[in-house]
Amino acid sequence: MKDNVKEIARALYDSGCVKFGTFRLKSGLTSPIYIDLRLLVSEPSLLRQVAQALAERAGELPFDRIAGIPYAALPIGVAMALELDRPMIYPRREVKQHGTRRAIEGTFEPDETALLVDDLITRGGSKLEAIETLQAAELVVNDVLVLIDREQGGAADLAEHGYSLHAVLTLTELLEELAASDRISAEQHHEVLAYLAQNSD
């Protein structure tokens, strides 16, 4: 891992974004680790670091617009857009029954390429739902970019549908840095690694 990514890993733990215990995930899985990147809105310097790391990865990919998934990825996407000076859109979770009734907020043209951005990935379901909304508006999606890949089937789910996943950090790498910096115990490290071995790609 690059030094800036190691620094992000440590800062995520120090800011309370990484928690250990017993948690039920949106995917339905039960996990001994929970990563809450919604807290980044209260940590502007860390949000900037995250956006810079994501922007660096995004620089390797062809796209016209950043497409952030509500809700956790919206501040991340905005920070990336500012970092890259690139436009952003976002697919709504639900279409309002008043006003413009748009399924996608922001401006775009048909056949433009959208880089789908989210905070993390466990399974691919929510990403595929967002891609479906974007494609229904005649946008092209090839790549999904996240800060953290939990390594629990998300990459395979996306690949099965023809999309490529890109991540700044894997959960394994995050754990390695937290253990190396004495932020978690050997027992915590081994517990999550054992969980991953049972629930991995």
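Just so you know, these numbers come straight off a predicted model, no measurement behind them. Throughout, residue positions are numbered sequentially from 1 according to the sequence presented.
More than 12 heavy atoms of other residues, nucleotides or ligands shown are found within 6.0 angstrom of CD on Q135.
V5 is connected to L40 through a chain of hydrophobic side-chain contacts under 4.5 Å among Ile, Leu, Val, Met, Phe, Trp and Tyr, so both are in one cluster. L115 and L82 fall within a single hydrophobic cluster, where Ile, Leu, Val, Met, Phe, Trp and Tyr are joined by side-chain heavy atoms under 4.5 Å apart, directly or via other members. L39 and V50 are not part of a single hydrophobic cluster, where members link through side-chain heavy atoms under 4.5 Å apart. If you chain together hydrophobic residues whose side chains sit under 4.5 Å apart, L74 and V41 never meet in one group. One hydrophobic cluster holds both I33 and I184 under the rule that ILVMFWY side chains link at heavy-atom gaps under 4.5 Å.
Here the shortest heavy-atom pairing between L47 and P75 reads CD1-O, 4.2 Å. Closest of all the heavy-atom pairs between L171 and I148 is N-CG2, 4.3 Å. Of all non-hydrogen atoms in A130 and L116, the two that sit nearest each other are CB-CD1, 4.0 Å. The minimum heavy-atom distance between P62 and D143, with the atom names listed, is CD-OD2, 4.5 Å. The two residues V18 and L178 have their closest heavy-atom pair at CG1-CD1, 4.2 Å. P91 and G68 make their closest contact through CD-O, 3.4 Å (heavy atoms, listed as atom of the first residue, atom of the second, distance).
Residues M88 and F108 are not in side-chain contact: their nearest non-hydrogen atoms beyond the backbone lie 4.5 Å or more apart. Side-chain contact between Y90 and I104: absent, with no pair of heavy atoms (C-beta onward) separated by less than 4.5 Å. You'll find the side chain of L193 reaches within 4.5 Å of the side chain of L175, heavy atoms only. Residues E112 and V140 form no side-chain contact, since every pair of their non-hydrogen atoms from C-beta on lies 4.5 Å or further apart. A 4.5 Å side-chain heavy-atom check between L169 and M1 finds at least one atom pair inside the cut-off. Side-chain atoms of R86 and R65, non-hydrogen and from C-beta on, never get closer than 4.5 Å to each other. Looking only at side-chain heavy atoms (C-beta outward), Y163 and L128 come within less than 4.5 Å of each other. Counting heavy atoms from C-beta outward, I131 and T133 have side chains that stay 4.5 Å or more apart.
Classification of D118 and K127 as a salt-bridged pair holds, one side-chain N sitting under 4.0 Å from a carboxylate O. Salt-bridge check for K2 with E56: passed, with a basic side-chain N closer than 4.0 Å to an acidic carboxylate O. Under the 4.0 Å criterion applied to side-chain N and carboxylate O atoms, R102 and E105 are assigned as salt-bridge partners.
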Step-by-step side chain to side chain donor-acceptor pair (under 3.5 Å) determination, R150 to S31: CA-CA 11 Å; R150 286 185 57 107; S31 171; 2.7 Å; yes

Derivation of the side-chain contact (heavy atoms from CB on, under 4.5 Å) call for V144 and L165: CA-CA 5 Å; V144 176; L165 177 67; 4.1 Å; yes

Audit row: V146, V117, side-chain contact (heavy atoms from CB on, under 4.5 Å) steps and yes/no: CA-CA 6 Å; V146 298; V117 172; over 6 Å; no

Verdict with reasoning, Q52 to N4, per side-chain contact (heavy atoms from CB on, under 4.5 Å): CA-CA 9 Å; Q52 289 169 343; N4 66 317; over 6 Å; no

Derivation and outcome, side-chain contact (heavy atoms from CB on, under 4.5 Å), residues L12 and L147: CA-CA 11 Å; L12 288 174; L147 179 64; 4.2 Å; yes

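Counting only distance, with no hydrogens or angles, the side chain of H190 and the backbone of A186 share a donor-acceptor pair below 3.5 Å. With Q198 contributing its side chain and Y195 its backbone, the two residues share no donor-acceptor pair below 3.5 Å. No donor-acceptor distance shorter than 3.5 angstrom exists from the side chain of R57 to the backbone of L145, with no hydrogens or angles considered. At distances below 3.5 Å, not a single donor-acceptor pair connects side-chain atoms of E177 with backbone N or O atoms of L174.
Atom CD in E43 sits 10.5 Å away from atom CD in Q49 (nearest 0.5 Å). Atom CE of residue M80 and atom CG of residue L54 lie 5.5 Å apart, to the nearest 0.5 angstrom. Rounded to the nearest 0.5 angstrom, T30 OG1 and R24 CZ are separated by 5.5 Å. Rounding to the nearest 0.5 Å gives a distance of 12.0 Å between CG of L158 and CG of N142. To the nearest 0.5 Å, the span separating CD1 on I35 from CG on L37 amounts to 6.5 Å. To the nearest 0.5 angstrom, S126 atom OG is 6.5 Å from E129 atom CD.
Annotation: cation-pi pair R38/Y71 absent, no NZ/CZ under 6.0 Å from the ring centroid and within 45° of its normal.
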